[in-house]
Amino acid sequence: MALTAARARVLRALSRWPPPGRVPVAGWSCRSDAGGSAGGSAELPPGGYGVWQEQAARDPVGFWAEVARGTLCWDSPFHTACQAGLPVGTARWFLGGRLNVSVNCLDQHVNKSPNRVALIWERDEPGTEVYVTYRELLDLTCRLANTLKKYGIEKGDKVAIYMTVSPLSVAAMLACARIGAVHTVIFAGFSAESLAGRIMDSGCKAVITYNQGVRGGRIIEMKKTVDEAVKSCPSIRHVFVAQRTDNKVQMGDCDISLEEEMAKADSVCTPESMDSEDTLFLLYTSGSTGKPKGIVHTQAGYLLYAALTHKYVFDYQQGDVFGCVADIGWITGHSYVVYGPLCNGATSVLFESTPVYPDPGRYWEVVQRLKVNQFYGAPTAIRLLLNHGEEWVKRYDRSSLKTLGSVGEPINNEAWQWFYHVVGEGRCTLLDTWWQTETGGICIAPRPSEENAEIVPAMAMRPFFGIIPVLMDENGKVVEGNDVSGALCIAHPWPGMARTIYGDHQRFVDAYFKAYPGYYFTGDGAYRTKKGYYQITGRMDDVINISGHRLGTAEIEDAMADHAEVPETAVIGYPHKIKGEGAFAFIVLKEPTAHTDRIKEELKAIVASKIAKYAVPDHILVVKRLPKTRSGKIMRRLLRKVITEELSSMGDTTTLDDPSVVKEILDAYQKYKEKSSS
Ligand code: PRX
């Protein structure tokens, strides 16, 4: 078929993708469009914070019903706002309603202000940013959606997206939403084996990837990893390959050039009308057992919650440039790079690089150049930058910043103070936001609140509208009053909550609803201060958080179990100055050997190849035995005490099979420490 002028233009634009930011390129807009006029965005009923808070607490279902009607574009209205049974892990929202998420994120804004900038792609190389308007993003999305359809992807099919962050990867997510396919985005840092595991668990029919990725000046061989992964994935029929770099990669029988197909595809794609409770995406996350779980989020409730929290936690105003530097491979990227901002008609920054490329001033140079108004990032990056000194920050104009946010892990006081005073010059609101892959969006954060209400450093503080936090004691009883601690639960369903674990509802019930019947258990502990604010105290299970990346220690142990000379391992998290937590592995060798260094290197390589580089333990200590109870359970609590050197509070060791093991491990640890420091 002959190319029309428009198709030829798209093909040209895509094949020279991306065009340099400062040179106007046909089909791409310029920065002056970033403001645009007001469009659809999350709206609360008339009132103010106090009215909404009171209404949401008194009648959460009525509150959400009203907000859902006013915020989302529906094909048909819902008849029942909520049907839930928390003891059996069910919550369904906006029953009978039909809508399309991509229409809410694109078409509604294109109808009102097509030239408003939807995305600013801050590419790895500074100064080469690309602006994409809502009209252009809709065009990309429709072409990609039609390409998927052409190759047999239908409503309900699963599609893996293994891409670095870019307008095309956002279009891939929205294209799935447009045709009713279910995407599962897999973080580009995951290994072939992790990718294969997720593809197999979800039964994906296709993968969308890049030939290569670019990050921090380095090339990531994405297509090679996909090739390796799909060898063991019979469900995969097609691999769509987009070009991020000019380098050619080997194309096999099931590989399709994405840009070529998109250039031929129609730029109009009729959106599929979806039930509120149809699955929108799966996102794999770690639990306390070895196998990552595919968290299921559905259409209307998730979108509404992401949009409302985006607008009201960050006080997003139309025309602001919203800079969430998370990768789309994590829930933060889903909710606060893609779905929340786009549903609100916002301008969202896609950050492809790292905080230290080409130097530790990168974030703040981006803030200056793109005039970022809200900056949302992880404490681990703040801790890293803090060590490089404040001159890297002060070099750049940050006067555009209004709000700063922190997510994914506890922010220590020192990092909070530096973020607030140095980056925010003491005049920006700094929000420590607590939430999880399972919650869909922010649940506890200092804002929204009454005007000028106090913000306590390094504390998430206040529940969002309709979130009812509860603390539980060891006996499963609700802890009343203030100045108390307990297991953090949520008492009432909310629209953004996960619906199930893909293919294993029983695991969902067991993990979140069994410990405290009638409540959602978060896995975190919390302290309620004297004033009734919430402070997260950390995970209560064997999940650790390395640089804001959630990981089950059992996953690392399972990976290391592949080593023939290492029959037993125990991994624990330990405090790490930059990463927040690091992994510390205790291993037992099959037989004594002089080659422990070789074995340790092999174990590290196994973990990198089976999971990802960030999961590799920082320390591996060989011990003769692990501390076990008489019933054979490893007492990780004791291992934690050894490496945090809290020997005076070892607690009860009488259940140990042989209490002398503690001294044995302590001696081994002391020797290891001496050797490491010499
Ligand atoms: O332990 C909590 C920690 O991160 C966990 C959720 O991880 P994930 O599902 O990967 O989502 C991360 C992005 C939302 C939580 O169970 N966590 C998240 N935010 C905070 C936090 N810990 C302390 N303070 C926070 N603000």
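Order of appearance sets the numbers: ligands from 1, and atoms from 1 within every ligand. One is the number of the first residue; the rest follow in order along the sequence.
The protein heavy atom nearest to atom 13 (C) of ligand 1 is T332 OG1, 3.5 Å. Among protein heavy atoms, atom 23 (C) of ligand 1 sits closest to P410 N, 3.3 Å. The protein atom (non-hydrogen) at minimum distance from atom 7 (O) of ligand 1 is R550 CD, 3.4 Å. Nearest protein neighbour of atom 3 (C) of ligand 1, counting heavy atoms only, is G408 O, 3.5 Å. Of the protein's non-hydrogen atoms, the one nearest atom 1 (O) of ligand 1 is D524 OD1, 2.7 Å. Looking at atom 25 (C) of ligand 1, its nearest protein heavy atom turns out to be E409 O, 3.5 Å. Of all protein heavy atoms, the one lying nearest to atom 8 (P) of ligand 1 is T437 OG1, 3.5 Å.
Ring centroid separation for the pair Y284 and F190 does not come in under the 6.0 Å cut-off. Aromatic rings of Y339 and H310 (six-membered ring for Trp) have centroids beyond the 6.0 Å cut-off, not under it. The aromatic ring centres of Y574 and H619 sit less than 6.0 Å apart. The six-membered or imidazole ring of W364 lies near that of F375, with a centre-to-centre distance under 6.0 Å.
Ligand-side atoms of ligand 1 in range of N545: 3 (C), 4 (O), range being under 4.0 angstrom from any heavy atom. Of all atoms in ligand 1, numbered sequentially from 1 with element shown, those under 4.0 Å from a heavy atom of W435 are 6 (C), 14 (C), 15 (C), 18 (C), 19 (N).
Checked against a 3.5 angstrom limit, the closest N/O atoms of I331 and ligand 1 fall outside it. Considering backbone and side-chain N/O atoms, S406 never comes within less than 3.5 Å of an N/O atom of ligand 1.
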For the pair F465 and W494, evaluate ring pair (Phe, Tyr, Trp, His ring centres under 6.0 Å) and give the outcome as yes or no after the intermediate values. CA-CA 9 Å; F465 302 125; W494 66 101; over 10 Å; no

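Comment: E352 does not engage R215 in a salt bridge, judged by the lack of any side-chain N to carboxylate O separation of less than 4.0 angstrom.
For E425, the CD atom counts as densely surrounded, since its 6.0 Å shell holds more than 12 non-hydrogen atoms of other residues, nucleotides or ligands.
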